[in-house]
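Reckoned from all heavy atoms, side chains included, excluding hydrogens, waters and symmetry mates. Just so you know, these numbers come straight off a predicted model, no measurement behind them. In listed order, ligands and their atoms are each counted from 1.
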Amino acid sequence: MTDPTPVADSGDRADPTVEAVFDAVAATAPEIRAALPGRRVESGTGNPSGERVMAGDLYADELLAEAITAVDGVGSFVSEEREAAVDAGGAVGEGAYAVAIDPLDGSSNLRSNNAMGTVVGVYDAPLPATGRDLVAAGYVLYGPITTMVVADASGVREEVVERETAGDDGGVSRSVVEDDLRLPPDPLVYGFGGRVPDWPDDFTAYAREIEDELKLRYGGAMVGDVNQVLTYGGIFAYPALVGTPEGKLRLSFEANPIAYIVERAGGAATDGEIDILDVKPEGVHDRVPLYVGNEELVERLQAALA
Ligand code: AHG
Ligand code: MN
Ligand code: MN
């Protein structure tokens, strides 16, 4: 493959390694997007979570692995699509970071041509670790526009990611469109995953209340659904299900980065009992129920499940 596409200067940011990671993710995004039309089919392989992998998942994973392991200060690359971490050189926790990636979130939406994303967690500890070890997190949303939301200690910002010129060999620009993203105080939308008959009774009762208050917005890709919550206010959940109390989403690659972003934006995230960021994983591919959004809605949910 060619060298990662150069990225225009994104200004002064606190942590150069974190910035370089998001430069690498942004540089890869247009290439991933451009490669999707021919990769809407199953690859014929499975991933460590036991799910069927699309050709697009594998392609995104390869590009991101190459770009992120090339970043100085990244010691380890860990992916939803890989059993083992890729050693990138530095010692994680001793100056180098572990970067956890969901290369394509919501890739079943490839077939129906709906939104998808890439999720990024930058951890200052070898994985498995808790979300308290995140130093930054973000996601790319492949919607009508390619956007990237980045959260670090200083807050949350939304950027538009674009190729500077048509074709494959131009640079990629990151333009900040919202430099202090906050959850709106008056929530409007909700989106809950899983089949309703599989919802536990206490969650169903909570959902019935929420239906009276908010508007349903569910697209089947966590990144797209959470982006609606960040934009309009509300709550997203992939709940614990009867028979699968661990839910569907993975802590290291999905729940922790999203919890980090939403909490930095003024919201809350829980597994039903405790803050997602305090959940202690046994393995890198562990799943966890996720309920995330405006604090008041998440607190009510927690009370409903207690
Ligand atoms: P992934 O494509 O990375 O496996 O993640 C899919 C996840 C998440 O994006 C979404 O919220 C959830 O699966 C949707 O699940 P259903 O298709 O079962 O609704
Ligand atoms: Mn996912
Ligand atoms: Mn995925």
Does a donor on one side chain sit under 3.5 Å from an acceptor on the other, for [X] and [Y]?
X: Ser175; Y: Glu159; answer: no
X: Asn114; Y: Tyr142; answer: no
X: Tyr139; Y: Asn227; answer: yes

Exercise. With the Mn ion (ligand 3) as the point of reference, which N/O/S atom of Asp102 is the closest?
Worked result: OD1
Problem set entry | Atom name in Glu80, limited to N/O/S, at shortest distance from the Mn ion (ligand 3) | OE2
Who's the nearest protein heavy-atom neighbour of [atom], and how far?
atom: atom 5 (O) of ligand 1; value: Asp105 OD1, 3.2 Å
atom: atom 2 (O) of ligand 1; value: Gly106 N, 2.8 Å
atom: atom 19 (O) of ligand 1; value: Tyr218 OH, 3.1 Å

Below 4.0 angstrom from a heavy atom of [X], which ligand 1 atoms are there? Numbered from 1 as shown, please.
X: Asp102; result: 3 (O)
X: Ala221; result: 9 (O)
X: Met222; result: 8 (C), 9 (O), 10 (C), 11 (O)
X: Phe236; result: 11 (O)
X: Leu104; result: 2 (O), 3 (O)
X: Gly220; result: 9 (O), 10 (C), 14 (C)
X: Leu249; result: 7 (C), 8 (C)
X: Ser107; result: 2 (O)

For this session: Tell me whether Gly106 has at least one N, O or S atom under 2.8 Å from the Mn ion (ligand 3).
Result: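 Checking the Mn ion (ligand 3) against Gly106, no N, O or S atom falls under 2.8 Å.
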For this session: Check whether any N, O or S atom of Glu254, backbone or side chain, sits closer than 2.8 Å to the Mn ion (ligand 2).
Result: yes
For this session: For Glu254 and ligand 1, answer yes if some heavy atom of the residue is under 4.0 Å from a ligand atom, otherwise no.
Result: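 It does; at least one heavy atom falls under 4.0 Å.
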For this session: Determine, using heavy atoms of Val223 and all atoms of ligand 1, whether some pair is separated by less than 4.0 Å.
Result: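 Under 4.0 Å: no for Val223.
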I need the minimum non-hydrogen distance between [X] and [Y], along with the two atoms involved.
X: His285; Y: Arg250; answer: O-CG, 3.5 Å
X: Ala268; Y: Val298; answer: O-CG2, 3.6 Å
X: Leu230; Y: Pro184; answer: O-CD, 3.5 Å

Exercise. Evaluating non-hydrogen atoms only, which member of Met54, Glu81, Glu80, Lys248 is closest to atom 15 (O) of ligand 1?
Worked result: Lys248
Exercise. Distance under 6.0 Å and angle within 45° of the ring axis: does Arg208 meet both against Tyr206?
Worked result: no
Exercise. Just heavy atoms, cut-off under 4.0 Å: does Arg250 contact ligand 1 by side chain, backbone, both, or neither?
Worked result: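 Just the side chain.
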For this session: Pick one of side chain, backbone, both or neither for how Phe253 approaches ligand 1, counting any non-hydrogen atom pair under 4.0 Å.
Result: neither
For this session: Take Glu80 and Arg287 through the salt bridge (charged side-chain N to carboxylate O under 4.0 Å, His left out) test and state the conclusion after the steps.
Result: CA-CA 11 Å; Glu80 183 183 272; Arg287 298 177 193 266; over 6 Å; no
Kindly compute the distance separating [atom1] ([X]) from [atom2] ([Y]), expressed to the nearest 0.5 Å.
X: Asn294; Y: Ile235; atom1: CG; atom2: CD1; value: 8.5 Å
X: Asp57; Y: Glu42; atom1: CG; atom2: CD; value: 10.0 Å
X: Phe192; Y: Glu211; atom1: CZ; atom2: CD; value: 8.0 Å

Problem set entry | Glu19 with Arg157: basic N within carboxylate O range, under 4.0 Å |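 A salt bridge is present here (some side-chain N lies under 4.0 Å from a carboxylate O).
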Exercise. Closest to the Mn ion (ligand 2), which N/O/S atom of Asp105 is it?
Worked result: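 Asp105's closest N, O or S atom to the Mn ion (ligand 2) is named OD1.
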Exercise. Do side-chain atoms of Thr118 reach the backbone of Pro103 as a donor and acceptor pair under 3.5 angstrom?
Worked result: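 Present.
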